[in-house]
Amino acid sequence: MLQVKVIRENTDLIKAGLKKRGYNEEAIKSIDEVIRLDDIRKAAQTSLDAKLSEIKKHSDSIGSLFKSGKTQEANEMKSMVAELKTSSEPLENDLKSAIEGIRELLFKLPNTPHSKVPEGLTEDDNVVVKDWTNPLPTLIDNALPHWDLATKHNIIDFKLGVKITGAGFPLYRGKGARLQRALINFFLDEARDAGYEEILPPHLINEASGIGTGSLPDKEGQMYYMEKDNLYLIPTAEIPVTNIVRDVILKESDFPIKFCAYTPCFRREAGSYGSDVKGLNRVHQFDKVEIVQVEHPDKSHQTLDQMVTYVEGILNKLELPYRILRLCGGDLTFASALTYDFEVYSAAQDKWLEVSSVSNFETYQTNRMKCRYKDENGKTQLAHTLNGSALALARIVAALLENNQVVDGIKIPEVLIPYTGFDIIA
RNA sequence: GGAGGAGUGGCAGAGCUGGUUUAAUGCACUAGUCUUGAAAACUAGCGUGCCUUUACGGGCACCGGGGGUUCGAAUCCCUCCUCCUCCGCCA
């Protein structure tokens with residue numbers, strides 16, 4: 001959530017940010033509305049505080065009047081204070097509605113894109129900051145897309161998933177299940193070696209956590225919701241893990257805070273259809289290892305670069321061709337200030353599949369979560385949060401199966417063999 | 001799921017028959033005095049948010065969350081959440 005103070009001080013910058021994201025004039029005007037409401041809020045607070053101060057003083061003296069037996073005077077003062085109170089009610093309402101109005105507007109305003117974010121409104125405007133320069137893998141004759149490979153080797157059963165749950169809930173079996181588990185363990189071990197503390201969070205979150213990361217109310221329709229308990233199934237570990245620092249005041253020496261977590265991820269993906277959803281390309285449940293960092297504002301962008309480098313390292317170890325995109329204003333997610341997407345080449349589909357998204361949210365999440373730290377002057381400041389997938393399994397598996405198919409079956413990358421316990425799926 | 005108890009500042013812990021409590025006191029923490037240094041002792045400071053002020057300062061709100069009663073609420077009422085004890089169920 002944007003800070004009103006920042007909006008006041010950088011009005012033009014914030015407006016330009018909305019424009020970069022492709023927001024219309026009406027949305028941009030809401031910035032002025034926030035400032036207008038905040039003016040009302042301040043004025044109301046000033047007068048209300050003065051009234052309350054009077055009420056307080058008089059109420060105190062009523063107490064002493066009663067004690068000294070001056071009942072008559074006390075009762076007179078009582079009615080006087082009652083009047084004061086009545087006259088303060090409109091102010092109280094003004095204050096409340098101004099605060100509520102500001103809140104509603106702020107909930108709809110996305111983070112301001114970082115200056116590095118490219119102009120543009122669609123994914124075609126994303127900038128490839130690192131392309132794959134080596135030759136792309138050449139496949140054997142009669143190479144198959146992963147959904148056919150999955151069936152051929154009996155490692156993923158999409159039909160059983162449909163029977164048990166519904167479309168988009170694949171069932172992994174045999175070496176397919178073991179490959180999943182191997183990847184999860186490999187990713188977690190890599191993260192631990194890089195200094196991330198492993199977290200195994202709850203897979204359901206409450207409303208406050210959803211609001212904290214900016215997932216609510218923005219992505220309401222994308223999450224599975226348990227009405228009876230007012231809980232949401234997590235679409236990513238980002239939510240439970242980042243909320244660890246909700247309502248926390250850190251010390252500067254606590255930075256950097258580095259968490260990693262494996263969780264299944266649940267996404268309703270309402271409105272998706274067509275070839276995009278074939279096989280593992282887009283599913284309702286998939287596994288992911290997420291990395292989360294809480295950083296000092298001065299270091300967060302340097303940290304973002306390090307996280308990008310870290311993800312690159314894993315992809316290199318898996319020997320998968322990838323490219324890195326810097327998302328343009330229109331493609332940037334709601335809470336992010338700067339995002340890099342990783343895409344892995346799926347040979348048999350001749351498609352680039354998004355497997356990771358690494359973002360710096362700056363103060364957007366921490367302002368909602370009230371995650372702060374004491375700076376060297378003892379002042380409380382908002383921290384920065386970052387996160388990234390490292391990595392999302394389903395599409396990694398898709399690319400892995402397709403790119404590594406040989407005449408005898410599917411080769412397992414060297415680094416994974418100690419985890420799988422086998423070197424080929426035949 | 002049922003019955004009972006409890007949630008107070010970093011921690012511990014008063015207040016909880018409504019009104020000099022501006023939330024006592026202790027510990028921890030920070031600075032200073034003393035000391036060669038340290039400890040001890042002493043002195044002072046020590047929550048968050050907001051409004052106001054050039055500044056010094058002043059004001060308001062917050063005692064799990066929300067609402068209510070009252071001139072006045074940490075203190076009474078309602079509601080939700082969490083924790084503890086007992087019963088039930090259960091991997």
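Each chain gets a letter, A, B and so on, in the order its sequence line appears, and its residues count up from 1.
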Discussion item. Using side-chain heavy atoms (C-beta onward) and a distance below 4.5 Å, is A:F169 in contact with A:I164?
Written reply: no
Using atom types as modelled, flag every donor-acceptor pair under 3.5 Å from a side chain in residues 107-118 of chain A to any protein atom, sequence neighbours excluded.
| unit_1 | atom_1 | unit_2 | atom_2 | d |
| --- | --- | --- | --- | --- |
| A:N111 | ND2 | A:A335 | O | 2.9 |
| A:N111 | ND2 | A:F361 | O | 3.1 |
| A:H114 | ND1 | A:K116 | N | 3.0 |

Worksheet item: With a 4.5 Å limit on heavy-atom distance, are the side chains of A:E290 and A:T263 in contact?
Response: no
Item to complete: Write down the distance between NZ (A:K370) and C1' (B:rG65), rounded to a whole number of angstrom.
Response: 16 Å
Worksheet item: A:K379: what forms a side-chain contact (heavy atoms from CB on, under 4.5 Å) with it, not counting sequence neighbours?
Response: A:D375, A:Q381
Discussion item. With a cut-off of less than 4.0 Å, is there a side-chain N or O of A:R372 near OP1 or OP2 of B:rG49?
Written reply: yes
Worksheet item: Rounding to a whole Å, what distance do you find between A:D247:CG and B:rG64:C1'?
Response: 12 Å
Could you give the side-chain donor-acceptor pairs of residues 198-212 of chain A under 3.5 Å, partners two or more places apart or in another chain?
| unit_1 | atom_1 | unit_2 | atom_2 | d |
| --- | --- | --- | --- | --- |
| A:N206 | OD1 | A:A208 | N | 3.3 |
| A:N206 | OD1 | A:S209 | N | 3.0 |
| A:N206 | OD1 | A:S209 | OG | 3.1 |
| A:S209 | OG | A:R246 | NH2 | 3.4 |

Practice prompt. Specify the separation, in whole Å, of atom CD of A:E92 and atom P of B:rC60.
Written response: 15 Å
Worksheet, complete the sentence: Residues passing the ring pair (Phe, Tyr, Trp, His ring centres under 6.0 Å) test with A:F266, sequence neighbours excluded, are none
Item to complete: For B:rC77 versus B:rA61, give the span between their C1' atoms, rounded off to a whole number of Å.
Response: 22 Å
Worksheet entry | A:K51: side-chain contact (heavy atoms from CB on, under 4.5 Å) partners, not counting sequence neighbours | A:L84, A:S87, A:S88, A:L91
Would you list the atom pairs, donor with acceptor, under 3.5 Å between side chains in residues 291-308 of chain A and any protein atom, with sequence neighbours excluded?
| unit_1 | atom_1 | unit_2 | atom_2 | d |
| --- | --- | --- | --- | --- |
| A:Q293 | NE2 | A:Y196 | OH | 3.0 |
| A:E295 | OE2 | A:T303 | OG1 | 3.0 |
| A:H296 | ND1 | A:D298 | N | 3.0 |
| A:H296 | NE2 | A:E252 | OE2 | 3.1 |
| A:S300 | OG | A:N360 | ND2 | 2.9 |
| A:S300 | OG | A:H384 | ND1 | 2.7 |
| A:H301 | NE2 | A:N360 | ND2 | 3.2 |
| A:H301 | NE2 | A:E362 | OE2 | 2.7 |
| A:T303 | OG1 | A:K299 | O | 3.0 |

Show me, pair by pair, the donor-acceptor contacts under 3.5 angstrom made by side chains of residues 386-402 of chain A, not counting sequence neighbours?
| unit_1 | atom_1 | unit_2 | atom_2 | d |
| --- | --- | --- | --- | --- |
| A:N387 | ND2 | A:E238 | OE1 | 3.3 |
| A:N387 | ND2 | A:E238 | OE2 | 3.4 |
| A:S389 | OG | A:S357 | N | 3.1 |
| A:R395 | NE | A:N281 | O | 2.6 |
| A:R395 | NH1 | A:E354 | O | 2.8 |
| A:R395 | NH2 | A:N281 | O | 3.0 |
| A:E402 | OE1 | A:S346 | OG | 2.2 |
| A:E402 | OE1 | A:A348 | N | 3.3 |
| A:E402 | OE2 | A:H146 | N | 2.8 |
| A:E402 | OE2 | A:H146 | ND1 | 2.8 |
| A:E402 | OE2 | A:Q349 | NE2 | 3.2 |

Practice prompt. Hey, which sits more toward the 5' end of RNA chain B by its nearest nucleotide, A:D60 or A:S79?
Written response: A:D60
Going by atom type alone, with no hydrogens or angles, which donor-acceptor pairs under 3.5 Å involve a side-chain atom of residues 94-106 of chain A and a protein atom two or more places apart or on another chain?
| unit_1 | atom_1 | unit_2 | atom_2 | d |
| --- | --- | --- | --- | --- |
| A:S97 | OG | A:N93 | O | 3.1 |
| A:S97 | OG | A:D94 | O | 3.3 |

For nucleotides 88-91 of chain B, print each protein N/O atom paired with a nucleotide N/O atom at under 3.5 Å, atom names and distance only.
none

List the atom pairs, donor and acceptor, that lie under 3.5 Å between side-chain atoms in residues 171-189 of chain A and the rest of the protein, sequence neighbours left out.
| unit_1 | atom_1 | unit_2 | atom_2 | d |
| --- | --- | --- | --- | --- |
| A:K175 | NZ | A:I424 | O | 3.1 |
| A:R178 | NH2 | A:T420 | O | 3.1 |
| A:Q180 | NE2 | A:D287 | OD2 | 3.1 |
| A:N185 | ND2 | A:R181 | O | 3.4 |
| A:D189 | OD2 | A:Y419 | OH | 2.7 |

Item to complete: Return the value, rounded to whole Å, for the distance between atom NZ of A:K96 and atom P of B:rC50.
Response: 20 Å
Worksheet item: Where along residues 30-59 of chain A does a heavy atom fall under 4.0 Å from RNA chain B?
Response: A:R41, A:K42, A:Q45, A:T46, A:D49, A:L52, A:S53, A:K56, A:S59
Practice prompt. For RNA chain B, just give me the dot-bracket, please: Watson-Crick or G-U, both distances below 3.5 Å, ( ) intra-strand, [ ] crossing earlier pairs, | paired with another strand, . unpaired.
Written response: ((((((((.[[[..)...(.....]]].(((((.......))))).((((((....)))))).[[[[[..)....]]]]])))))))....
Worksheet, complete the sentence: From CG of A:L250 across to P of B:rG10 the rounded distance in Å is 14 Å
Discussion item. Taking only the P atom of each, what is the distance from B:rA6 to B:rU21 in whole angstrom?
Written reply: 25 Å
